[in-house]
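Just so we're on the same page: letters track the sequence lines, and every chain starts at 1. Just so it is clear, the values below take in all heavy atoms, side chains as well, and ignore hydrogens, waters and symmetry mates.
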2 protein chains.
Amino acid sequence: MDRTRIAQLYAHMDEFGDKTVTVAGWVRSIRDMKNFGFVVLNDGSCFKDLQVVMNREKLANYEEVAALTVGSALIITGELALTPDRPQPFELQAKTIVVEGAAQPDYPMQKKRQTREFLRTQQHLRSRTNLFRAVFRVRSVAAFAIHRFFQERGFVYVNTPIITASDAEGAGEMFRVTTIDPANPPLTQDGKVDYGQDFFGKQTNLTVSGQLQAENFAMSFGDVYTFGPTFRAENSNTRRHAAEFWMVEPEMAFCDLEGEMDVSEQMLKYVINYVMEHCPDELDMFNKFVDKGLKERLQHVATSDFARVSYTDAVKILEDAQAAGHKFEYPVKWGIDLQTEHERYLTEQHFKKPTFVTNYPKDIKAFYMRQNDDGKTVAAADCLVPGIGEIIGGSQREERLDVLERRIEELGMDKDQYKYYLDLRRYGTCHHAGFGLGFERLVMYLTGVDNIRDVLPHPRTVGNADF
Amino acid sequence: MDRTRIAQLYAHMDEFGDKTVTVAGWVRSIRDMKNFGFVVLNDGSCFKDLQVVMNREKLANYEEVAALTVGSALIITGELALTPDRPQPFELQAKTIVVEGAAQPDYPMQKKRQTREFLRTQQHLRSRTNLFRAVFRVRSVAAFAIHRFFQERGFVYVNTPIITASDAEGAGEMFRVTTIDPANPPLTQDGKVDYGQDFFGKQTNLTVSGQLQAENFAMSFGDVYTFGPTFRAENSNTRRHAAEFWMVEPEMAFCDLEGEMDVSEQMLKYVINYVMEHCPDELDMFNKFVDKGLKERLQHVATSDFARVSYTDAVKILEDAQAAGHKFEYPVKWGIDLQTEHERYLTEQHFKKPTFVTNYPKDIKAFYMRQNDDGKTVAAADCLVPGIGEIIGGSQREERLDVLERRIEELGMDKDQYKYYLDLRRYGTCHHAGFGLGFERLVMYLTGVDNIRDVLPHPRTVGNADF
């Protein structure tokens, strides 16, 4: 079937004017005006719909089509008439309409406004609504923008493993991956579960981060990035947490913390510009119906320098705000981990733009971050954005074998587990840095949608793994 | 640090001639010739190395550098001298060399040739060898080519879930994802493991395919694709199987089997051309040291039409070969699933090019494939390529609600599990098709590397989840 996408009609309308084309898509609305009828059709190729005009006298199955309901699938051949004087720039005058699949009358995606909570129970259908069609296109375009950004700069894309026997951060609760039947697990002689008989011959989990493995490849390619799913088995039911989410983790050899922040900032601006260029209709819709300041904020971020402030100075700013009467749920003092309320105060109230907070106390950051000369802080940089809080967590990595070994021992970690990681410091170590971007948080930021469940095609959260 | 990538030197050598540049990378070899010394440096930005010349009289730390061993990390500032009369087009005359990280003498990646089996025990270091640096760059470039191919054609990238409560094909062994401790599982009143208390409130597994969920989005966007990890808990130890591998799964509304084959063929050709254009040095190396016919074969595939033959005709071809004396381990007759030996005979001996085999017996294919009018076969198309066998499995999907329901019942499957899938046929169904490409098999095909363990950064197979 030689069909034309509606996106092509809009992109090249002059070429298609007065031409006969075949389109295929789904009914957004149907009106029967006696002698004439109108079908609004969407084929998913762009945000915009196509208006189709049916003439009762000329269309053989007018009655059949006019009786259809929203959601039905049609193949329509007709002539494209340019209509420069009307709100829509053209319409299709139908010659033939093939009813490919009628929607049954109990179709849950009716034209009326539905709550996002209800739509979460209809994940297999919700991408047919304006909101979710826009969200998932922006998600796709942003994902491609990320690949383009890194590939244009010579970064090598590395698929770090999903199933892993190590815990990347010693943080995050992990999901076990197993073929052992818990109703009847194999046991060792002393009565413990014998993971030696599990599929991989040991305990394995779903990865919480690909960073440590990405470093393996940064030490040969120089610049690499991952972009894949990561997991947390945390029993938290917030708008910002999911059990399964996608992360982008670049890792750069011969790069320090300043360089890492530069790349983070360039990447965010690149993705924002790319989405503004490729999804203008979607952003208009979000700006109108989801988040009225969205476009202005994205424009602002794309064109202004991000703020950079040390953790120590950030704490002073927060303490000053506290002293001046600002109420935080969690009181601020040097040494605490910043909470979302603190992060949002810094980026929304104080700096009013994306803000890197650098050089955090070492005790609240991961073992692999490079220790600063003050003995108290590490070369970390979290990027905070208005409305979200932390969107990127980055750091320079500890490249000094002796310092890293000492830190691993200090924290009581199992040094044997990190043999490979330490090998990178034994054989041609170099200063290097990297960051992790939570992809869903970026999509939330780009769309103004404030619940992570609404930017994941089929979200996985505590108690939810449907579809 | 303002450093120049070696790839940039090769791309713009005329601009850099006689200029002072700083490069950073790892030592591939060092020769001390008394008054002069040579360092061959690679920074991972391209396959080629940089020759660095050191003058004992001019370089302050000549002795220190000359004593270094392979794998050490250096930052070198010097003047680029064009050398059009020598094998390499330029060399860097070092002014200063900073020893960033020396390699300890027990560095396992010495210059001598090492077996791939040994290198599999050194996965954190093996990408520093020529072979693996080439493999993983081709992998990255091919992945990007796939994204480009689909994005240029308006396909929407969908991240289908990794953790799933359903079994996409009723095929493939699955890994359980759980937070239940098998040493002490919660039990129901009748003594069974109570998965209601597991993280998601039910049994969940790692996905074997994102197809069914991709169809959800094809019914709103028209054209979509997935590109993500999939899993099989199969106890098979072959060169072609891994427990964790990446799949590309496009799904296209208003598309039939012919259209599906067209897109498959265009995609393969696009990726081959893109890799030939962007990785010429890597392909030269594979062609020289891994697979002598590689470049000719890729060129041939990129420029010739793929063969298309029905399963029924393919079986006749194989039976004729059998009758003519060709020995197959598994005898051929209508109804059998084709084995790799049969697939390879068809594509290597008979057609001598990539070959689609279409319309397989329904009993050896999945429930969702569209039934042909003969009542015996389904609209499936497997794409076979020389040296590998099946690389793509595609089909037109059964879009008729009644036919699909009947098939699910016939096979004794649980209809309730497929409610969402059947909903797509209730609400605006349309003919549609899609395919699955095993990404590692594609990388094997592009590189000539014949073991899947050598095209995965950190392969997961039975008993192996290291690194």
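Both the backbone and the side chain of Arg137(A) come within less than 4.5 Å of a heavy atom of chain B. Looking at Tyr421(B), neither its backbone nor its side chain comes within 4.5 Å of chain A, counting heavy atoms on both sides. Both the backbone and the side chain of Arg128(B) come within less than 4.5 Å of a heavy atom in chain A. Looking at Glu244(A), the atoms closer than 4.5 Å to chain B (heavy atoms on both sides) all sit in the side chain, from C-beta outward. For Leu206(B), the part sitting under 4.5 Å from any heavy atom of chain A is the side chain, from C-beta outward, and nothing else. Of the two parts of Pro229(B), only the side chain, counted from C-beta on, holds a non-hydrogen atom closer than 4.5 Å to a non-hydrogen atom of chain A. Interface remark: Thr204(B) contributes side-chain atoms only to the contact with chain A (heavy atom separation under 4.5 Å). Only the side chain of Tyr195(A) comes within less than 4.5 Å of a heavy atom in chain B; its backbone stays farther off. Of the two parts of Phe155(B), only the backbone, made up of N, CA, C and O, holds a non-hydrogen atom closer than 4.5 Å to a non-hydrogen atom of chain A. In this structure, chain A has a heavy atom under 4.5 Å from the side chain of Gln151(B), while its backbone stays farther away. For Arg148(B), the parts lying under 4.5 angstrom from a heavy atom of chain A are both the backbone and the side chain. Both the backbone and the side chain of Pro161(B) come within contact range of chain A, each with at least one heavy atom under 4.5 Å from a heavy atom of that chain. In this structure, chain A has a heavy atom under 4.5 Å from the backbone of Ser72(B), while its side chain stays farther away. With a 4.5 Å cut-off on non-hydrogen atoms, Leu187(B) does not touch chain A at all. Heavy atoms closer than 4.5 Å to chain B are found nowhere in Phe150(A), neither backbone nor side chain. For Thr461(B), the part lying under 4.5 angstrom from a heavy atom of chain A is the backbone only. Proximity to chain A is limited to the side chain of Leu125(B), based on heavy atoms less than 4.5 angstrom apart.
Residues Arg426(B) and Asp106(A) are not paired through a salt bridge, judged by the lack of any N-O separation under 4.0 Å between the basic side chain and the carboxylate. A salt bridge does not link Asp198(B) with Arg176(A): every distance from a Lys NZ or Arg NE/NH1/NH2 to an Asp or Glu carboxylate oxygen is 4.0 Å or more.
Rounding to the nearest 0.5 angstrom, the gap separating the OG1 atom in Thr178(B) from the CD1 atom in Ile180(A) is 11.5 Å. The line from OH of Tyr107(B) to CG of Asp423(A) is 10.0 Å long, rounded to the nearest 0.5 Å. Note that OH of Tyr420(B) and CG of Asp466(A) are 4.0 Å apart. Values are rounded to the nearest 0.5 Å. Here the straight-line distance linking atom CD1 of Ile162(B) with atom OG1 of Thr207(A) works out to 12.0 Å at 0.5 Å rounding.
Side chains of Phe231(A) and Val177(B) form no contact here, defined as non-hydrogen atoms less than 4.5 Å apart. With contacts defined as side-chain heavy-atom distances shorter than 4.5 Å, the pair His458(A)/Ile163(B) does not qualify. Proximity of Leu456(B) to Asn159(A): side-chain heavy atoms (C-beta onward) are nowhere separated by under 4.5 Å. A heavy-atom distance below 4.5 Å is not found between the side chains of Asn464(A) and Phe200(B). With contacts defined as side-chain heavy-atom distances shorter than 4.5 Å, the pair Phe217(A)/His124(B) does not qualify. Within the 4.5 Å cutoff, no side-chain heavy atoms of Phe467(B) are placed close to those of Thr164(A). In this structure, Ser220(B) and Trp26(A) have side chains that are not in contact, with every pair of non-hydrogen atoms separated by 4.5 Å or more. Pro108(A) is listed as a side-chain neighbour of Tyr427(B), based on a closest heavy-atom distance under 4.5 Å.
Ring-centre distance between Tyr157(B) and Phe144(A): not below the 6.0 Å cut-off. If you look at Phe221(A) and Phe136(B), their ring centroids are not closer than 6.0 Å.
For Ala24(B), the side chain to side chain contact (heavy atoms under 4.5 Å, CB included) partners two or more places apart in sequence, or in a different chain, are Phe254(A), Met1(B), Arg3(B), Ile75(B). Remark: Thr121(B) pairs with no residue by the side chain to side chain donor-acceptor pair (under 3.5 Å) rule, at least two apart or across chains.
Using a distance-only test at 3.5 Å, with no hydrogens or angles considered, no donor-acceptor pair links the side chain of Glu100(B) to the main chain of Gly428(A).
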Determine, stepwise, if the pair Asp223(B) / Arg5(A) fulfils side chain to side chain contact (heavy atoms under 4.5 Å, CB included). CA-CA 10 Å; Asp223(B) 298 312; Arg5(A) 298 325 192 253; 2.7 Å; yes

